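In what follows, a single structure is set out as structure tokens and then discussed.
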Amino acid sequence: MNKEELLSKLKTIIAPYVQNQEALKNLTENTDFIKDLEINSANLVDVILDVEDEFDIEIDNEAMEKMLTVKASIEVIENKLAIK
């Protein structure tokens with residue numbers, strides 16, 4: 001799975017939790033989930049759970065704490081998929 005496919009799946013996963021729809025339309029690797037998309041911390045946990053289900057991976061607390069931007073999330077997902 002390449003970065004574009006990962007980004008597309010991630011965008012689909014986070015869409016229901018996004019408060020700032022304009023920022024979602026302009027999603028890039030540098031997009032911050034909390035600052036740019038206005039996803040609250042409780043919903044961020046839901047995003048992580050949805051990512052685990054979608055990619056059939058397990059995200060530990062250390063990795064979860066890094067997943068605050070699109071780029072960091074893609075890196076965590078790629079690393080977890082590589083280990084699988």
Side-chain angles (χ1 to χ4, degrees):
M1 183 176 307
N2 65 32
K3 271 200 195 311
E4 285 76 33
E5 291 171 323
L6 267 175
L7 186 62
S8 176
K9 280 191 173 193
L10 189 59
K11 190 172 183 178
T12 303
I13 290 168
I14 63 176
Y17 306 105
V18 172
Q19 301 301 312
N20 184 343
Q21 294 301 319
E22 195 60 38
L24 182 63
K25 288 179 197 164
N26 302 315
L27 191 78
T28 69
E29 282 195 346
N30 298 320
T31 301
D32 184 288
F33 292 140
I34 296 170
K35 291 179 192 150
D36 300 325
L37 299 176
E38 299 171 17
I39 298 174
N40 68 37
S41 55
N43 283 343
L44 210 47
V45 172
D46 293 331
V47 169
I48 304 291
L49 295 172
D50 291 350
V51 165
E52 287 181 326
D53 289 344
E54 176 67 34
F55 295 101
D56 191 30
I57 56 176
E58 192 171 309
I59 299 171
D60 54 50
N61 288 341
E62 185 182 334
M64 194 183 299
E65 289 170 9
K66 294 178 187 170
M67 293 178 68
L68 297 175
T69 65
V70 172
K71 183 176 185 177
S73 298
I74 288 174
E75 287 171 2
V76 167
I77 293 166
E78 285 177 331
N79 289 340
K80 298 294 179 184
L81 288 173
I83 295 169
K84 224 175 99 172

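Values in this document were obtained by computation on a predicted structure and should not be read as measured data. Counting begins at 1 with the first residue of the sequence.
Gln21 approaches Val18 most closely through the heavy-atom pair NE2-O, 3.1 Å. Summarising the geometry of Lys84 relative to Asp56, their closest heavy-atom pair is CD-O, 3.3 Å, with the distance given to 0.1 Å. In this structure, Ile14 and Leu37 approach most closely via the heavy-atom pair CD1-CD1, 3.5 Å. Nearest heavy-atom pair, Lys80 versus Ala63, reported as atom, atom and distance to 0.1 Å: CE-CB, 4.2 Å. Considering all non-hydrogen atoms of both residues, Ile74 and Leu7 come closest at CD1-CD1, 3.9 Å.
Side chains of Lys66 and Glu75 form no contact here, defined as non-hydrogen atoms less than 4.5 Å apart. Two residues are said to be in side-chain contact when any heavy atoms from C-beta on lie closer than 4.5 Å; Val76 and Asn79 fail this criterion. Between Met1 and Glu78, the closest side-chain pair of non-hydrogen atoms is not below 4.5 Å. For the pair Ser73/Val51, no side-chain contact is recorded, criterion being any heavy-atom separation below 4.5 Å from C-beta on. Using a 4.5 Å heavy-atom threshold, the side chains of Asn30 and Thr69 count as separate. Looking at Ile57 and Leu81, their side chains come closer than 4.5 Å, going by heavy atoms from C-beta outward. For the pair Leu27 and Asp36, the minimum side-chain heavy-atom distance is 4.5 Å or more. Side-chain contact between Phe33 and Asn43 is absent, with no heavy-atom pair separated by less than 4.5 Å.
To the nearest 0.5 Å, the span separating CG on Asp32 from CD on Glu38 amounts to 11.0 Å. Taking CD of Glu65 as the reference point, atom CG of Asp60 lies at 9.0 Å (rounded to 0.5 Å). Taking CD of Glu29 as the reference point, atom CG of Leu10 lies at 10.5 Å (rounded to 0.5 Å). Interatomic distance, NZ of Lys11 versus OG1 of Thr31, reported as 9.0 Å (0.5 Å rounding).
Linking ILVMFWY residues whenever their side-chain heavy atoms come closer than 4.5 Å, directly or via other members, places Met64 and Ile34 in the same cluster. Hydrophobic clustering of Ile, Leu, Val, Met, Phe, Trp and Tyr side chains at less than 4.5 Å, counting indirect connections, keeps Val45 apart from Ile77.
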Legend entry - Full working for side-chain contact (heavy atoms from CB on, under 4.5 Å) between Lys9 and Phe55: CA-CA 9 Å; Lys9 280 191 173 193; Phe55 295 101; 3.8 Å; yes

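In this structure, Glu5 contributes its side chain and Asn2 its backbone to a donor-acceptor pair below 3.5 Å.
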